[in-house]
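The structure under discussion appears below in the form of structure tokens.
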Amino acid sequence: MDSVNRSGAVSKYSPTEIEAKWQQTWADQGLDTTPEDTTKPKFYALSMFPYPSGNLHMGHVRNYTITDVVARVRRMQGYRVLHPMGWDAFGLPAENAAIDRGIHPAKWTYQNIDQMRAQLQKLGLSYDWNREVATCSPDYYKWTQWSFLQFLEAGLAYQKESAVNWDPIDQTVLANEQVDSAGKSWRSGAKVERKLLRQWFLKITDYADELLSDLDQLPGWPERVRLMQENWIGKSTGAQVVFQTESGDELPVFTTRPDTLWGATFMVLSPEHPLVEKLTTADQAEAVKTYQTAAAAKSDIDRTDDTKEKTGVWTGSFAINPVNDEQIPIWIADYVLMGYGTGAIMAVPAHDQRDFEFARKFSLAIKLVVQPEGDARSGDTLTEAWPGDGVMVNSGPLDGIPAGKGDGQSVAAAIQWLETNGKGKGEANYRLRDWLISRQRYWGVPIPVVHCPSCGIVPVPDDQLPVTLPEDVEFSGRGASPLAKLDHWVNVPCPSCGEPAKRETDTMDTFIDSSWYFLRYADANNEGAIFDSAKVNDWLPVDQYVGGIEHAILHLLYSRFFTKVLRDRGLINIDEPFKRLLTQGMVQAITYKNPQTGKYIPPAEVNPDDPKDPSTGDPLEVFYEKMSKSKYNGVDPKDVLQKYGADTARMFILFKAPPEKDLEWDDADVEGQYRFLNRVWRLVSEFATAHPNAATALPPELSKAEKDLRRAIHTAIKEVSEDIEGDYQFNTAVSELMKLSNALSDAKCADSPVYAEGIETLVKLLAPFAPHIAEELWRQLGHQESVHQSGWPQLDTAALVADEITLVIQIMGKTRGTIQVPASADKAALEQYARESEAAQRYIEGKTIRKVIVVPKKLVNFVLG
RNA sequence: GCGGAUGUGGUGGAAUUGGUAGACACGCACGCUUGAGGGGCGUGUGGCUUUGCUGUGCGAGUUCGAGUCUCGCCAUCCGCACCA
């Protein structure tokens, strides 16, 4: 590693030294402070902010490096760039640390933030730290509460009884994502129960249609994220149809196939449907009760898991089919979910497979109303439901109409008939549910309302915000929210009437904190308002957002929702918060697993050439998996930075895989990047020593060597620029840097101004990727200002033009050789050169040329007869 | 079951969008430098029965020419899943 010293010419590349030096200098000079000069075009580059666990992992490094390259390139290109960082700092881990280790969540969190900030700063990320936010800080959550009150005032926040996941051991409510696939609590391991509780919701369903249709405005998002959101919102169009029970109650149902109404032979209600009790006859009371109890005991997962056998019970009563006045039985079954549609369905067994299975099992009538063409079927002989096309039969006014959802087909005709006759109407239904935001936890934003016996729910007035978290709390991990036990905090006078009242003790889902942080960065230190609207309207939307695919739905959907609500409150004028989105792939590392025992073996204990379990001798499975402690395959960024420096780590991560693909960590490739930076160091250092203050003004005439080098230089400028502007292709951008470096190493004109131009260009192009080494080398070249303020190299397209090109000679489409020809040659000349070529002569001799295809600047293909 | 993505050397990955497949690296081999190791430098590296043939998951097709376009399969990964 000290070979450079032996020559005595230049100093050794010492990353830790120069990285610390330049990080300090840049911070002192405020190089990364957001410019206020609004004459420049703006660019907002953002990484999803982290949860402050205390330790930076490789996934973070990858995420932030990608965004940093984008930000640095834009700065060099003359944009004013906003590139902030902050902390998604509320959440369960802090509270668990308090329960397990007796540290206050606030103390634990702020310690972690300090630790992680220090780690981030060692990566050379160009953040404007003046705009740092932490969602657990009262300065921030004051405005989270204020936002909540905006929702409340707009009628978009409400309380409702809801069935939630209840952990009987920890005595607390859990979010869906905190219950594993077996229906057990992630913390206590207890089987989760369903329990009715009064909870806070945000009415995201009011925005379902816009959240769906505006996905079209996001061409800069990955297709699959848009599709996932589309699926999640789950719009289906159809009709609402009102059935009457014999007792006179209305029983509305939603259906996507209103055209099959004449084939409805029974109805099914969800076991939780409010009308079940009333509809159940005395004879059936016991059976219904038993079924309801069994269904209630099952978690959602159990209920949706047994896809095979249908179960259900008849209520004993009947409904009237509104289209033909037929009497049809009303059943209950758990394949009908209370949370979707109206919690009740009309069952058309001939044309819906679930209804068909149910009808067969309980011997219910099956009536065919769509006759597939050229295939006479009847309900009695069907072996499965027919959901496909055909002609309507047995359907009164619809008879003879072709079945389908198109214009003039059965569905449209049915909806028109329903509306004309007042039996129902066209309607859309969504899978999306309202957002349950209540959490019975301490370490979150208190919901800023007071419950008053006489005034009801009273919002805390703006001038009394924030409702701060009390600090004198006990964390036992048992019972309701720790806040509920603090009488002095709970009991307050009603802000409206002054009588004794009680604070809301639920805190908000932490996804709320992260649903608006990207707006706050535009005006992060505003004490008098959530933000200055003009500043948000100036900076937003985020031009490039980068984060993991795991947020494809929740965070990104919630943020879009918040943005639209705040827009409708007149606070901002944008429809969508994130113009372009990049979902970066996982960072994986080699993993060894013993297939016999199922145990993971630390790589340090395995011989990679012959992977065997050191204790049992079993051959091991070898594969790449996401880094994690339990698999012993994590690589600590700290170790990499210490050994190679941030520049090498950044270069490796950018080069190893395209950003959206999974990246396989490989120490040998990290070494490779370190070697490359060392080569660049020697190349530039040696040049700077030999040619202090070298001129870059070009002579009027260039030699061939100079022209070739200059073409390589400007090809690099072109390719790197394109790679980091369109679809980010940092891997090929880095390979272009390597090509330029190789071209300079091989160049035979080291004393030419062209060579000096090449050296300077290499350093500039390298700057966004490896900012420290580029800065150090730039200064060695004699520059006073920072390379990061030196401007992006200008492309000279004239330099790209070659005097000679390589012409491919093909015979019958097969390449048989190449020749060098003048670039200026026209089609006829190219054909002539090709005919005369040795390669063509060999194959053409004695044959007839039937056709010649000439592709200018590329190839000549001879088709022989 | 529904929807989506991906499939190229020993490995990670390129390919101007129909025009020399394997750029750039990693690894490996050989050579030079070095007391040795490391490092550095140089050369080579898809396969094969090597004047040539063959090759981008498999099989057809379009074309002068296909990794790229069309049709049909296979495999892997991801999301959703009794959604009426």
Side-chain angles (χ1 to χ4, degrees), chain A residues 1-7 222-232 234-236 238 253-258 260 264 267-268 270 303-308 310 333-337 339-348 351-355 357-358 429-432 549 552-553 624 652 655-658 660-673 675-676 678-679 682 715 718-719 722 729 731-739 741-742 745 806-818 842 850-864:
Chain A
M1 231 179 272
D2 56 353
S3 66
V4 183
N5 275 348
R6 205 175 302 129
S7 74
E223 176 77 9
R224 72 171 174 148
V225 175
R226 293 202 308 252
L227 278 166
M228 281 164 79
Q229 293 215 352
E230 198 178 311
N231 272 334
W232 187 264
K235 181 176 185 172
S236 1
V253 301
F254 173 75
T255 175
T256 56
R257 293 293 305 271
T260 63
M267 294 189 76
V268 186
S270 161
R303 280 174 65 160
T304 54
D305 199 36
D306 50 356
T307 49
K308 292 162 199 125
K310 290 275 178 294
D334 64 6
Y335 81 91
V336 176
L337 310 172
Y340 185 79
T342 62
I345 61 162
M346 65 170 200
V348 185
H351 306 290
D352 181 286
Q353 188 59 25
R354 295 154 303 177
D355 297 345
E357 286 165 20
F358 195 83
N429 222 295
Y430 299 87
R431 209 184 73 101
L432 183 72
I549 186 72
I553 293 168
Y624 280 86
F652 163 77
F655 180 66
K656 179 73 180 174
E660 67 283 355
K661 282 192 71 173
D662 289 346
L663 179 153
E664 295 174 4
W665 190 269
D666 180 352
D667 290 333
D669 283 319
V670 180
E671 288 276 359
Q673 284 306 316
R675 285 207 293 267
F676 172 63
N678 268 292
R679 274 202 298 278
R682 277 197 305 276
T715 301
K718 178 167 178 278
E719 296 296 325
E722 283 174 2
Q729 293 180 300
N731 54 332
T732 50
V734 172
S735 83
E736 293 299 332
L737 296 176
M738 291 171 167
K739 284 183 197 171
S741 162
N742 291 344
S745 295
T806 304
L807 186 72
V808 173
I809 311 295
Q810 289 188 342
I811 312 294
M812 304 293 283
K814 290 194 177 190
T815 300
R816 296 301 183 184
T818 62
R842 219 166 58 228
R850 207 178 63 204
K851 197 174 169 189
V852 181
I853 289 132
V854 181
V855 182
K857 294 189 193 299
K858 289 222 169 66
L859 64 80
V860 176
N861 183 15
F862 295 98
V863 183
L864 305 180

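First the proteins, then the strands, lettered A, B, ... as listed; each starts at 1.
- Spacing between B/rU68 and B/rU20 at atom C1', rounded to whole Å, works out to 15 Å.
- Between B/rU8 and B/rC30, the two P atoms lie 30 Å apart (nearest whole Å).
- Counting any heavy atom pair closer than 4.0 Å across all strands shown, A/Phe655 reaches a base atom.
- Each of A/Arg257 and A/Arg431 was matched to the nucleotide of RNA chain B holding its nearest heavy atom; the match closer to the 5' end belongs to A/Arg431.
- For the P atoms, the distance from B/rA5 to B/rC82 is 24 Å, rounded to whole Å.
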Name the pairs: protein N/O against N/O of nucleotides 4-11 of chain B, kept only if under 3.5 Å.
none

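- Regarding A/Leu663, its CG atom lies at a distance of 11 Å from the C1' atom of B/rG13, rounded to whole Å.
- The side chain of A/Asn731 lies closest to B/rA14 when the candidates are B/rU20, B/rC80, B/rA14.
- Counting only distance, with no hydrogens or angles, the side chain of A/Ser745 and the backbone of A/Ser741 share a donor-acceptor pair below 3.5 Å.
- Using C1' as the reference atom, B/rG61 and B/rG18 are 16 Å apart when rounded to the nearest Å.
- The pair A/Glu722-A/Lys718 counts as a salt bridge, with a side-chain nitrogen and a carboxylate oxygen less than 4.0 angstrom apart.
- In this entry the base of B/rG65 is anti relative to its sugar, with a glycosidic angle more than 90° from 0.
- Within the 4.0 Å cut-off from OP1 or OP2 of B/rC53, at least one side-chain nitrogen or oxygen of A/Arg816 is found.
- Nearest to the side-chain atoms of A/Ile345 among the listed nucleotides B/rA84, B/rA14, B/rC82 stands B/rA84.
- Across the strands present, B/rU51 finds no partner; the criterion is a Watson-Crick or G-U wobble pair with both atom distances under 3.5 angstrom.
- The phosphate of B/rC26 (OP1 or OP2) has a side-chain N or O of A/Arg675 nearer than 4.0 angstrom.
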Exercise for review: Take A/Val253 and A/Met267 through the side-chain contact (heavy atoms from CB on, under 4.5 Å) test and state the conclusion after the steps.
Suggested key: CA-CA 9 Å; A/Val253 301; A/Met267 294 189 76; 3.5 Å; yes
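- To the nearest angstrom, P of B/rG12 lies 17 Å from CG of A/Asp667.
- Across all strands shown, B/rG22 forms no Watson-Crick or G-U wobble pair with both distances under 3.5 Å.
- Summarising the geometry, the separation between CG on A/Asp669 and P on B/rG27 is reported as 7 Å, rounded to the nearest angstrom.
- Nearest heavy atoms, A/Gln810 versus A/Thr815: NE2-OG1, 3.6 Å.
- Across all strands, A/Asn742 comes closer than 4.0 Å only to sugar-phosphate atoms, never to a base (heavy-atom distances).
- Between the side chain of A/Gln729 and the backbone N or O of A/Pro658, no donor-acceptor pair lies under 3.5 Å.
- You'll find the side chain of A/Thr260 reaches within 4.5 Å of the side chain of A/Met346, heavy atoms only.
- In this structure, A/Ile853 atom CD1 and B/rG19 atom C1' are separated by 11 Å, rounded to whole Å.
- Checking side-chain atoms of A/Asn429 against main-chain N and O of A/Ser236 turns up no donor-acceptor pair under 3.5 Å.
- On the C1' atoms, B/rG40 is 40 Å away from B/rU51, given to the nearest whole Å.
- Looking at the side chain of A/Ser735, the nearest of the listed nucleotides B/rA23, B/rA84, B/rA14 is B/rA23.
- Annotation: B/rC48 and B/rG9 have their P atoms spaced 15 Å apart (nearest Å).
- Pairing for B/rU6 goes to B/rA75, judged as Watson-Crick or G-U wobble with the two contacts each under 3.5 Å.
- Dashed line: the shortest gap from a side-chain N or O of A/Lys814 to OP1 or OP2 of B/rU54 is under 4.0 Å.
- As rounded to whole Å, 9 Å separates atom P of B/rG79 from atom CD1 of A/Ile549.
- For B/rG44, the paired base is B/rC28 (Watson-Crick or G-U wobble, both distances below 3.5 Å).
- Of all nucleotides present, only B/rG1 satisfies the Watson-Crick or G-U wobble test against B/rC80, with each distance under 3.5 Å.
- Residue side chain A/Asn231 does not reach the base of B/rC80 through any donor-acceptor N/O pair under 3.5 Å, judged by distance alone.
- Whole-Å rounding puts the A/Lys857 NZ to B/rU20 P distance at 16 Å.
- Across all strands shown, B/rC69 is found opposite B/rG61 as a Watson-Crick or G-U wobble partner, with both distances under 3.5 Å.
- When heavy atoms are screened at a 4.0 angstrom cut-off, A/Asp352 is found touching no nucleic acid atom at all.
- Nucleotide B/rU17 is shown with a syn base, its glycosidic torsion being within 90° of 0.
- Ring-centre distance between A/Trp665 and A/Phe652: below the 6.0 Å cut-off.
- In this entry the distance linking CD of A/Gln673 with C1' of B/rC26 reads 10 Å, nearest Å.
- As judged by a 4.0 angstrom heavy-atom cut-off over every strand, A/Arg850 is placed among residues making no nucleic acid contact.
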Could you go through A/Arg816 and A/Phe862, starting from their C-alpha distance and side-chain angles, then the distance that decides it, and tell me whether this counts as side-chain contact (heavy atoms from CB on, under 4.5 Å)? CA-CA 11 Å; A/Arg816 296 301 183 184; A/Phe862 295 98; over 6 Å; no
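- Counting non-hydrogen atoms under 4.0 angstrom, A/Gly672 reaches the backbone sugars and phosphates but no base.
- Here the separation of B/rG59 from B/rU50, taken at their P atoms, is 25 Å to the nearest Å.
- In this structure, B/rA36 forms no base pair with any nucleotide, since neither Watson-Crick nor G-U wobble geometry is met with both distances under 3.5 Å.
- The two residues A/Ala552 and A/Gln229 come nearest to each other via the heavy atoms O-NE2, 3.0 Å.
- Considering only the side chain of A/Lys739, B/rA23 comes nearest among B/rA23, B/rC26, B/rA84.
- When the nucleotides B/rU16, B/rG27, B/rA84 are ranked by their closest atom to the side chain of A/Val336, B/rA84 comes out on top.
- What separates CE of A/Met228 from P of B/rG3 is a distance of 17 Å, to the nearest Å.
- Distance from the side chain of A/Ala668 is smallest to B/rG27 among B/rA23, B/rG19, B/rG27.
- Nearest heavy atoms, A/Phe254 versus A/Thr342: N-OG1, 4.1 Å.
- Annotation: B/rG46 and B/rG38 have their P atoms spaced 26 Å apart (nearest Å).
- Under 4.0 angstrom from either OP1 or OP2 of B/rA84 there lies at least one side-chain N or O belonging to A/Ser236.
- Residue order along RNA chain B, read from the 5' end via each residue's closest nucleotide, puts A/Val855 first among A/Val855 and A/Gly343.
- Here A/Thr342 lies out of heavy-atom contact (under 4.0 Å) with every strand.
- The local environment of CZ in A/Arg224 is sparse, with at most 12 non-hydrogen atoms from other residues, nucleotides or ligands closer than 6.0 Å.
- Taking only side-chain nitrogens and oxygens, A/Arg842 comes nearer than 4.0 Å to OP1 or OP2 of B/rG52.
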